[in-house]
Amino acid sequence: MAAAIADSLNRDLMDDAYAQWQSSPSSVDPTWQAFFAGVEFAGNGISSKTQQAIPGDLRLQTGVVRLVSWYRQAGHLQAHIDPLEPNPPPPLALLSLETYGLSEADLDKTVDGSMYFGTNGPMKLGALVSALKETYCTKVGIEYMHIDSLEKRGWLAERLEPTHNRPTLDLKQKYRTLMTLHWAAHFENYLHTKYVGQKRFSLEGAETLLPMLDAIVEKSPSLGIKEIVIGMAHRGRLNVLANTLHKPFEKIFNEFEDLYLPESTKDGDGDVKYHMGFSADVATTDGGSVHLSLSPNPSHLEIVNPVVEGRVRAKQRVHKDLERSMGLPLIIHGDAAMAGQGVVAETFNLANLPGYRTGGTVHIVINNQIGFTTSPRDARSTQYCTDIAKFIQAPIFHVNGEDPEAAVHISRLALEYRQQFKSDVVIDLVCYRKYGHNEGDEPSFTQPMEYRKIKAKKPVQQVYTEQLVAEGSIKPEEAQAIVAEFRQQLDNALKDVKEHAPQPKKMEGYAGRWETLNKEYNHTPVDTRIPEATADKIADQFANVPEGFQLHPTIRKIAEKRRDDVRGRKPLDWGTAEALAFGSVALDGHLVRLSGQDSRRGTFAHRHSFYYDQETGKSFCPLANLSPDQAPFDAYDSSLSEAAVLGFEYGYSLDDPSALVLWEAQFGDFTNGAQVVIDQFITSGESKWNRSSGIVLLLPHGYEGQGPEHSSARPERFLQACAEDNIHVCNFTTPANYFHALRRQMKRNFRKPLIVMTPKSLLRHPQAVSPTAALLNGRFQEVIDDMVPPDSVRRVVLCSGKVYYDLAARRTELQRTDVALVRLEQFYPWPEEVIRTMFARYRRATEWIWVQEESHNMGGWFFVEPRLRMMGFPVEFVGRDPSASPAAGSHHVHNHEQKELVEAALTRPAPHYVAGVGKKTSSVVSASATTR
Ligand SMILES: Cc1ncc(C[n+]2csc(CCOP(=O)(O)OP(=O)(O)O)c2C)c(N)n1
Ligand SMILES: [Mg+2]
């Protein structure tokens, strides 16, 4: 009787609390909150049926709810994920019965287990605890309770809990798992014995990666995936190339032979074998096919991640994969690099942004618990190397690398999750590294304890073979046959390589969307004019907003002026010329994709590519609404990242050469945050990997007194990287030249990156305008000559960019006709012939001067001077003193210096180094002696 009263009392209490929790979760006691949230998460609600099933002991049931919640939350801490530890971690107080008011004595009691998926009501507490342990604390640790979405959590729990997260591989899958493990192990073993001591960054200790990748490839076609772009570093790369992408063994062995043949370098300098890319159509066992592409990778860890994302995004657009379900990015990380490199976080942060989404990435970490010689305790402040992925709420699976079936099972689940939710998922493959960082290193110098354990380890393929034999899934002879057949293939390939004359390393040719394009640069001008009708069509759209659209009055004025300037064939400013370039390129059928911080409006408010309704905030983009037949115009305000965003855009440009892809820095100096992308991909990718890019970098540059950080886009750094016609480096003085340069990017039959020092004050400078006719009838000019009568000229001043306008204004004031101002618009590829022809006109000139705003040790001087000297023009320097910092902090000093250098260029004998007010110049004088 007393129990019955207690029961009904409990139910009443619970009813009241539940009603209260439903209207305001925080208004009830935290224990109740956890209880109700748990029950709701299980999808059950508090039904009267469930209430009936709840036994009288409220302590017991609340304990159960909290226990289940905490196993989901923290079970991973108790999981046996480390293959170097013989046992799971010692029991955690957090998961003890006592912590939740329970005890061993309760294990036999019946509780309501319905919040655990796969059970339906009353069950023994003991059975529930066993299920929890098996699901969350065996060879896979799962983190997913940081995900806010109940749908995602529920989806995962529904798959993990009813099966107790036991792998359910059929015989065929077990066989493939074993086979790919043997491939992984014996490939390394073969190289180890045939190419002794050569660096290959062995996968041994992490062989389980191969069955995981195989499982992903095998499952992909059934989930609609047609193409996977893989990014990975050195570790196991050769193995993945050989056994996942099936790059022929002969090709790989040939690279190990590393025989020098002169013709090998004609395609560029190439790269070491463990950085090279490869792509292939891979057939799956059920008759499907997936195109796999391993992106070339520089040594700089993790920097390939955004490149992979950009490539996938481009492929998705080209294939009209609006759902983002056909193209998949798959990134393989190292544990130390994942935790340490900032670009990992920057790239994760792109995952959900409209301009950069790729429908989720599958991440696998080869977590061998070491980075070179550094142990995790010195390499990260986090529990796991994957913790960074939590901020985008990716589920994270920590898998013991010695349980290949669990790893395969989780890989399949991860892929399904990505396809279901189009969001990122992470698998942390916890393993070890059999040898040192590379094959020449001795790891026990620094990790003696770990390596004692590692030396005692049985290889995973052996453990798994024994397991399958013991359970009767395979006969020992079948395992032996896998190895024998694989070794035979390797022997045949090696024999072939040894018996035949060495093959030059062959670069992959231009194929697919690159098929019609060449690699070689040429200076021949192309026709970049646009018909008048096109100009008018674009101009008319500037102020043509949808009915009822509340345009900001200032924007309306700008838009109408732009339209009227074009229509009236008047001089056009920078923003108008740029809009005409973008619009006409889109009308020609090329996607225009511009991204960067605040690039829709433009840092200096010159672009206004998107208008915003002043009542609703809704946007409208005139250039995207020119014609139903046009290609899209997309401009994206990016996350505040340089490295990841530039890497992304570079990747995009690789896979869609028909798109005009532009990245704009907020100020040019911020580009150094993306220096790795510039050095490792943009300037050198073609030489290393035969991969060209037509990406455009817009880098605001110019000395205008804004201080050290907002003056220079560091042109000298780009100029230093110029060789073999790898990039364009330009500093334009006219809107028309900018217009033609942008259009030229798409009009030529080759693609080279275009680096533009873009203006700030020139955006509104009354002189920095171009007649409309210069766009309609003109063409790109590598150098712009002066209009003064050449025979009157005694001094030729060569300059680039904004300083031209300062010089021109002062020359007018001084009424000097003996000074010619010649503008170098394109530094590189160096327009030698044009310069020679122009300079030849100045027959009476005796002084040749290079003038720049930048300090002597910066800007174009060190690039221009030797080239002009070789051409027979011993050019003198005018510019700022050498300086450690790019520009003075004081506006006053800036003005003084600027005035001085203009004066010196026009009137004083050269050379001239212009120091700031009060700055010592002694070092300058000696510098001048050595530089002349
Ligand atoms: C940005 C960068 N810094 C340093 C290095 C030098 N380096 C090459 S591999 C390596 C260790 C990488 O450790 P981890 O990411 O765990 O990969 P593992 O070699 O263990 O597979 C280091 C420091 C590099 N390649 N890139
Ligand atoms: Mg490592």
Side-chain angles (χ1 to χ4, degrees), residues 81-84 184 188 199-210 212-213 230-241 271-276 295-307 331-347 363-382 384-389 398-399 401 426-447 450-451 453-454 642-644 646-647 672-681 684 688:
I81 57 172
D82 183 355
L84 293 180
E188 296 294 352
K199 266 194 210 175
R200 65 176 196 281
F201 298 106
S202 152
L203 184 64
E204 282 152 289
E207 290 92 337
T208 302
L209 177 71
L210 265 245
M212 291 168 76
L213 293 178
I230 306 172
M232 75 179 295
H234 52 289
R235 176 82 46 220
R237 192 177 173 100
L238 294 174
N239 213 314
V240 170
L241 281 167
D271 202 348
V272 291
K273 48 193 168 291
Y274 41 84
H275 288 164
M276 301 296 276
S295 239
N297 184 72
S299 170
H300 290 55
L301 297 165
E302 305 287 341
I303 196 71
V304 78
N305 304 359
V307 177
I331 298 181
I332 302 171
H333 310 259
D335 55 319
M338 174 92 169
Q341 291 292 303
V343 73
V344 175
E346 284 191 25
T347 309
H363 302 263
I364 300 178
V365 188
I366 302 177
N367 179 0
N368 53 18
Q369 311 188 64
I370 194 163
F372 216 135
T373 66
T374 303
S375 298
R377 65 178 171 276
D378 297 314
R380 62 174 193 258
S381 297
T382 54
Y384 295 112
C385 61
T386 49
D387 280 359
I388 190 72
H398 307 278
V399 186
V426 179
I427 309 172
D428 175 19
L429 172 64
V430 188
C431 51
Y432 56 89
R433 190 187 69 192
K434 183 169 173 187
Y435 300 109
H437 176 62
N438 61 50
E439 289 59 41
D441 264 354
E442 175 47 64
S444 50
F445 287 166
T446 50
Q447 269 76 18
E450 287 82 351
Y451 273 82
K453 287 185 195 168
I454 290 169
E642 282 76 30
L646 181 56
N672 53 20
Q675 198 62 48
V676 184
V677 178
I678 292 162
D679 290 347
Q680 266 56 43
F681 291 97
S684 61
K688 293 191 289 191

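From a predicted model like this one, the values you see are computed outputs, not experimental measurements. When a ligand or atom number is given, it counts from 1 through the structure's own listing order.
Proximity of a side-chain donor or acceptor of Arg433 to a complementary backbone N or O of Phe372 within less than 3.5 Å is detected. When atom types are taken as modelled, the side chain of Arg380 and the backbone of Thr386 share no donor-acceptor pair closer than 3.5 angstrom. Here the side chain of Tyr432 pairs no donor or acceptor atom with the backbone of Asp82 at under 3.5 angstrom. For Arg235 (side chain) and His437 (main-chain N/O), a donor-acceptor pair under 3.5 Å exists by modelled atom type. Using modelled atom types, one side-chain atom of Glu207 and one backbone atom of Gly205 make a donor-acceptor pair closer than 3.5 Å. Between the side chain of Gln369 and the backbone N or O of Ser375, no donor-acceptor pair lies under 3.5 Å.
Distance from atom 23 (C) of ligand 1 to its nearest protein heavy atom, with residue and atom name: Phe372 CD1, 4.0 Å. Gly334 CA, 3.8 Å is the protein heavy atom nearest to atom 17 (O) of ligand 1. Counting protein heavy atoms only, atom 13 (O) of ligand 1 is closest to Gly371 CA, 3.2 Å. Atom 16 (O) of ligand 1 has as its closest protein heavy atom Asp335 OD1, 2.5 Å. Closest to atom 15 (O) of ligand 1 among all protein heavy atoms lies Ala337 N, 2.9 Å. Regarding atom 5 (C) of ligand 1, its nearest protein heavy-atom neighbour is Leu301 CD1, 4.1 Å.
Rounded to the nearest 10 degrees, the angle O (Ile370) to the Mg ion (ligand 2) to OD1 (Asn368) equals 90°.
Of the listed options Met338, His300, Gln680, His437, His437 places a heavy atom closest to atom 9 (S) of ligand 1.
For Asn368, every heavy-atom contact with ligand 1 shorter than 4.0 Å involves the side chain, none the backbone. For Gln341, every heavy-atom contact with ligand 1 shorter than 4.0 Å involves the side chain, none the backbone.
In terms of heavy-atom proximity, Glu204 sits nearest to Ser202 at OE1-OG, 2.7 Å. In plain terms, the two heavy atoms of Ile303 and Pro298 that are nearest each other are CG2-CG, 3.6 Å.
Here's the thing with Ile366: none of its N/O atoms is less than 3.5 angstrom from an N/O atom of ligand 1.
Atoms of ligand 1 found under 4.0 Å from any heavy atom of Ala336 (numbered from 1 in listed order, with element): 13 (O), 14 (P), 15 (O), 16 (O). Close contacts between ligand 1 and Arg235 involve ligand atoms 18 (P), 19 (O), 21 (O) [criterion: under 4.0 Å to a heavy atom]. Using a 4.0 Å cut-off to heavy atoms of Ser299, the atoms of ligand 1 that qualify are 24 (C), 25 (N), 26 (N).
Taking a distance limit of 4.0 Å, we find that atom 1 (C) of ligand 1 is approached by some protein heavy atom.
Under the 4.5 Å side-chain criterion, counting only non-hydrogen atoms from C-beta, Tyr384 is in contact with Ile81.
To the nearest 0.5 Å, the span separating CG on Leu209 from CG on Asn368 amounts to 11.5 Å.
Shortest distance from the Mg ion (ligand 2) to Asp335 is reached at OD1 (N/O/S atoms only).
For Gln341 and Asn305, the side-chain atoms include no donor-acceptor pair closer than 3.5 Å.
Distances from ligand 1 to the non-hydrogen atoms of His234 include at least one value under 4.0 Å.
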